[in-house]
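Here's the structure, in structure tokens; my notes come after.
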Amino acid sequence: MALSHLAASASRSSSLLKPLSSGLSLRRSISGDNSPLTVETSVPFTSHQCEAPSRSVETNPKELLTFFRDMALMRRMEIAADSLYKAKLIRGFCHLYDGQEAVAVGMEAAITKKDCIITAYRDHCTFVSRGGTLLEVFAELMGRQAGCSKGKGGSMHFYKKDSNFYGGHGIVGAQVPLGCGLAFAQKYSKDETVTFALYGDGAANQGQLFEALNISALWDLPAILVCENNHYGMGTAEWRAAKSPAYYKRGDYVPGLKVDGMDALAVKQACKFAKEHALKNGPIILEMDTYRYHGHSMSDPGSTYRTRDEISGVRQERDPIERIRKLILSHDLATEKELKDVEKEVRKEVDDAIAQAKESPMPEPSELFTNVYAKGLGVESFGADRKEVRATLP
């Protein structure tokens with residue numbers, strides 16, 4: 001198959017409202033240790049029209065333990081979403097991110113909340129990495145008022161404007177021009193921040209992507225285009241859809257970098273490098289070589305166009321959580337039992353969040369008319385009956 005080579009190459013409610021990693025509970029003093037560690041990435045970076053960053057990545061015990069907890073929480077969250085969907089508590093489209101967690105945590109480790117991120121519909125974990133809560137995730141997935149989009153967006157439309165997370169977009173590739181627009185605003189404002197516009201290998205052939213990249217290069221915008229290459233656009237293997245699957249080279253005149261997207265430290269190093277480059281020189285493309293364990297969406301079993309052996313092979317050889325676990329154990333930063341305890345805590349947090357999300361009410365019918373037009377420029381209704389709504393029409 002197309003990827004056979006990859007396997008080798010506090011209180012209940014208050015805890016639910018905390019952002020990722022705030023509940024890190026390893027009892028060892030090492031969990032707060034910031035003493036430096038240097039770790040080499042799993043494979044070298046491959047560059048296009050730029051010099052590749054060093055494989056030696058600076059980290060520390062606290063960061064590694066945070067990576068482990070954050071990715072374990074993301075993994076459990078997505079597995080729980082699978083169960084909720086099968087129980088018909090989540091309706092509509094639902095695209096899960098399990099397997100790709102290293103991209104979300106590694107990227108966040110390299111930037112600040114002043115930098116912008118915009119992505120497609122596989123957005124749950126990116127939202128959480130930006131500081132979103134489990135309650136907001138599950139409430140939104142189940143269409144409840146406590147959701148990050150008030151229960152009106154669902155799985156594909158997560159947002160967190162206060163952390164510069166701009167979604168969550170259902171149209172394939174359409175988020176890339178919007179991301180370049182964010183980068184234009186950043187350059188205009190001279191605030192020394194960048195935008196990461198994420199898309200998949202299935203969107204890499206979209207014409208709008210190249211149009212946006214062209215003008216970003218002309219204007220030297222601080223735009224970083226991130227291709228999360230999980231090697232299948234829906235059920236189509238990359239080699240069947242792209243004559244040139246070297247997506248990091250697709251910019252031609254724009255530099256690019258291929259990154260092991262299953263290695264959180266490699267992602268961190270690449271994103272740090274890309275941010276520095278974009279602020280000085282304009283756009284750059286990052287290709288994250290990653291893998292999704294679930295199908296494209298919950299309607300896709302994910303096993304008709306790839307073998308189960310391929311999936312299990314990636315799990316055994318490249319799983320991002322297991323890589324960090326091995327690193328922690330090899331440096332004696334925690335014991336196997338302590339890491340298991342973290343996973344138990346994460347499971348409880350997810351279960352508690354789901355229970356609380358189920359208690360959140362559905363949106364009021366009047367919410368159908370809100371967040372459509374800018375205030376004062378269109379139909380607005382706050383509990384109005386049909387006659388009152390009609391009276392607001394021009």
Walk me through it: do Thr307 and Asp309 pass the test side-chain hydrogen bond (donor to acceptor under 3.5 Å, both in side chains)?
CA-CA 5 Å; Thr307 65; Asp309 286 344; 5.3 Å; no
NZ/Lys113: more than 12 non-hydrogen atoms of other groups inside 6.0 Å
yes
Counting C-beta onward and ignoring hydrogens, is there a side-chain heavy-atom pair between Glu78 and Cys125 closer than 4.5 Å?
yes
Do we see a donor-acceptor contact under 3.5 Å between the side chains of Thr290 and Gln100?
no
Does Lys275 pair with Asp115 as a salt bridge, N-O distance under 4.0 Å?
yes
Mind checking whether Tyr305 and Tyr232 have ring centres under 6.0 Å apart?
yes
May I ask you to say whether Arg347 pairs ionically with Asp351, meaning some side-chain N is under 4.0 Å from a carboxylate O?
no
Salt bridge flag under 4.0 Å for residues Glu343 and Arg325:
yes
Give a yes or no on whether Glu51 atom CD has more than 12 heavy-atom contacts from other residues, nucleotides or ligands under 6.0 Å away.
no
Please determine whether a side-chain nitrogen of the Lys or Arg among Glu228 and Arg122 lies less than 4.0 Å from a carboxylate oxygen of the Asp or Glu.
no
Would a 4.5 Å heavy-atom cut-off, applied to side chains only, mark Phe67 and Leu265 as touching?
yes
Do Val105 and Glu108 touch side chain to side chain, with heavy atoms closer than 4.5 Å?
no
Is any side-chain heavy atom of Leu286 less than 4.5 Å from a side-chain heavy atom of Tyr248?
no
Salt bridge check, Arg76 against Glu345: does any charged N sit closer than 4.0 Å to a carboxylate O?
no
Determine, for Asp319 against Arg323, whether the closest basic-nitrogen to carboxylate-oxygen distance falls under 4.0 angstrom.
no
Is the Lys NZ or Arg CZ of Arg292 less than 6.0 Å from the centre of Tyr97's six-membered ring, within 45° of the axis?
no
Criterion salt bridge (Lys or Arg N to Asp or Glu O under 4.0 Å) on Glu140 and Lys150, from CA distance to verdict
CA-CA 7 Å; Glu140 190 61 41; Lys150 300 182 181 179; over 6 Å; no
In Å, rounded to the nearest 0.5 Å, how long is the span from NZ of Lys258 to CG of Asp289?
5.0 Å
Does Lys114 offer a backbone N or O that forms a donor-acceptor pair with the side chain of Thr112 under 3.5 Å?
yes
Would you call the rings of His95 and Tyr121 parallel, tilted or perpendicular if under 30° counts as parallel and over 60° as perpendicular?
tilted
